[in-house]
There are 2 protein chains.
Amino acid sequence: MSTTGLFDRIDRPRRLPDEVASSILASIESKQLNPGDKLPSENELSKQFGVARTVIREAISLLKFDGVVDSRRGVGAFIAQSEHRSAFRISPACFEIRKQIVQLLQLRTGVQAGASALAAEMRTSKQMAEIESVYERLALADKTGPAEALEERVDTELLFYRLITQASSNRYYEDVVGMIESNLQTNLRSAFLKNAATSEFGPNILAEHHAVLTALQAKDVEGARVATRLRFEHSARSLASRKDFA
Amino acid sequence: MSTTGLFDRIDRPRRLPDEVASSILASIESKQLNPGDKLPSENELSKQFGVARTVIREAISLLKFDGVVDSRRGVGAFIAQSEHRSAFRISPACFEIRKQIVQLLQLRTGVQAGASALAAEMRTSKQMAEIESVYERLALADKTGPAEALEERVDTELLFYRLITQASSNRYYEDVVGMIESNLQTNLRSAFLKNAATSEFGPNILAEHHAVLTALQAKDVEGARVATRLRFEHSARSLASRKDFA
DNA sequence: ACATTTACAGTTGTCAGACAACTGACTATA
DNA sequence: TATAGTCAGTTGTCTGACAACTGTAAATGT
C-alpha cells in the first residue's frame, strides 16, 4: 500500500479477548483440551486469566462462532468435535513460515485451477474484456523491466486472477481465493515480493499467463484448468526452491 | 453420526449477539453499509437494537474476528475492505439451497482434486493401507445392495476422501475439505441422502472410486487428480440434474 | 421402598453503570 | 502562525447484578 516506512509499527497491546481465545485454542491444538471436554466456568476462567468475565465471554463467543466450542446455558461450554467447525481461517499459529507459504500455495493452486475452469465455462463477454485489459497491463509492465513498480505489478497479477475467479460466478470460490490472497498479501507480502523480484517476471512467465488467457477466450475448460495449475505450480516451486526468504 | 431422529430440533432462541452480527452483516451485503463507512457508536447501536452494550460488543467482536469490520479505540468501528476478510465461512444466508449445494460441490471438486493429487505424491504406506481398507468396506457395501444402511455407506464414502485429504499432509486442504464436508453433512444431509439413494451407488460409481484408489497406489499424481475430479463432477451433475430435492 | 415433585446451587445470557485508554478536533497561548 | 493544552466522544475493560436454564439432591406423597 504505502511505502515501507523506516520504522515498523510497535506491537500495540493486542486485545484481551483475542489473547484468551488464542490461549484456549492453543490448549485444544496441543490436546490439553479434547472434544467433549468441559471448559472451566466463565467465573473461573476470569480468575485464572486475571481478566473480567466480559473478556472471557467475548473470547468464548469467538470460539463458538467458529464452532470450536459449544455452550449450553445452565450447563457450561464444551469443546466441539473438530468436524463441526463452521469456518476456515488461516491460523497464524503455524510458526514455520516456509511450510505455511508452501502449503498455502498448494491450496491456492488447486482452488484457482478449479475456479479458472469454471470461469472458462461461465464467463461473460464483458468479464472477458476486463480480464484482457488487465492482461494487457501485465504485458506492458513486463516490457518495462522488473526493476520498476514491482508492487504494482504484483498487484496487477493478483487482480488478473481475482477477476478470473469472479468470472466463475461461484461465491465460494471467490471467498476462498480472496481469503488466501489477502493472507498472502498481509502476512507474507515481503517474502512474496522478494521472490517476485527475481523470478516472477519475464517472457516465460507472461507466456503462462497468456495460456490461461487464451483458454478463457476459447472457453476451453480443460485448457484453463491446466494452464492455471501449471502457472501456480511453477510459482510455488520457484518459491519453495529459494532458501532465503523470511 | 447418530441416526436421523424423528424430530428436527426446534429453532432454539438464537443468541442476541449472533442476531446483531447477522443484522449488521446483512446491511453490508445489501450495500447499505460500504467499506470505509463508520458504524454507529456502540452506545447508539445499543439503543437502536434495544440490547445492552455487551451484546453489541460481542457482535462487533465476531465481525472483527472475521475481518469484516475494523475498530480503533477512541475513534470507532469501520467496515473493512472486503478483501481483508480473514475467514471463510459458508454462510447460510444463501436462500437458494439448490444453487448453494451446486456451488459447494463445484468448490469441493476443485479442492478435492488438488488434495488427491498431493496425496498421491505424499502418502505413506500406512495411510495407503487405511485408504485401501476403507475402499474394501465401500466395495462390500456396494454388493449388498443400496437399500440397506444407506447412511453408513455415505459416511464411508466421505471417510474415504477424508483419509485421502489427510494423506496430502497439507493442513489447509484438510481444513477446507473438512469444513465443506461438515456443511454438507449438517445443512444438506437430507438432500444428499435422497440423491445417494437413487444414483450414488452401483458398479460404475465404484469404478470411479477405484480409479482414484489405483492412482494413489501407483503414486500417479495426474491420474489421482483427474479421477477425483471426474468422480465429483459426476456427483455434482447427477445432483444438479435432479429437480426434486429440498 | 419407590416414584414424583420441589428446592437449590451452579452456569450461561443479559443488563446497567462506571472508569481507563485513546483519538481527533478545538482552544488558548506564546 | 505554531505549539501545547483541553475536552468531548469512542472503544476497551471492569464490576456487580439479575434472568434463564440445567442437573442434582433433598423433600414429599404413595
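Below, chain A is the first sequence line, B the second, and so on; all start at residue 1. Just the heavy atoms: all of them, side chains too, but no hydrogens, waters or symmetry mates, feed the values below. In this text the structure is predicted, and so the values were computed from the model without any measurement.
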In terms of side-chain heavy atoms of A:R53, which of D:dA20, D:dA17, D:dG12 is nearest? D:dA17
Between C:dT14 (C1') and A:E58 (CD): distance, integer Å: 14 Å
Minimum-distance nucleotide (side-chain atoms of A:R15 versus D:dA20, C:dC15, D:dG12): D:dG12
Hey, is NZ on A:K47 packed in by over 12 heavy atoms from elsewhere, all under 6.0 Å? no
Quick one: label A:T54 by what it contacts on the DNA or RNA (base, sugar-phosphate, nothing), any heavy atom closer than 4.0 Å. base
Which nucleotide, C:dC22, C:dT12, D:dT13, lies nearest any side-chain atom of A:V55? D:dT13
Rounded to whole angstrom units, what separation is found between the CG atom of B:L16 and the C1' atom of D:dC21? 16 Å
Where the side chain of B:R57 is concerned, which of C:dT12, D:dT11, D:dC14 is the nearest nucleotide? D:dT11
Residue mapping more 5' on DNA chain D - nearest nucleotide basis, A:R73 or B:A77: B:A77
Nearest whole angstrom, please: distance from the P of D:dT11 to the CG of B:D70. 12 Å
Under 3.5 Å side-chain donor-acceptor pair for B:S168 and B:E174: no
Separation of atom CG in A:N43 from atom P in C:dT12, rounded to whole Å: 8 Å
Nearest-0.5 Å distance, CD of residue A:Q112 to CZ of residue A:R162: 11.0 Å
Roughly how far, to the nearest 0.5 Å, is the CZ atom of A:F160 from the OG1 atom of A:T165? 10.5 Å
Give the rounded distance in Å between these two atoms: CD of B:E19 and C1' of C:dG13. 14 Å
Atom CG of B:D18 to atom P of C:dG13: distance rounded to whole Å? 10 Å
Measure the distance from CG on B:L39 to P on D:dG12 and round it to the nearest whole Å. 12 Å
Do the side chains of B:R89 and A:D66 get close enough for a salt bridge, i.e. N-O under 4.0 angstrom? yes
Can you identify which nucleotide, out of C:dT12, D:dT13, D:dT11, has its nearest atom closest to the A:E42 side chain? C:dT12
Does B:S41 or A:V75 map to a spot on DNA chain D nearer the 5' end, using the closest nucleotide for each? B:S41
Rounded interatomic separation in angstrom, taking CD1 from B:I60 and C1' from D:dG12: 12 Å
B:K38 side chain: which of D:dT10, C:dA21, C:dT12 is closest? D:dT10
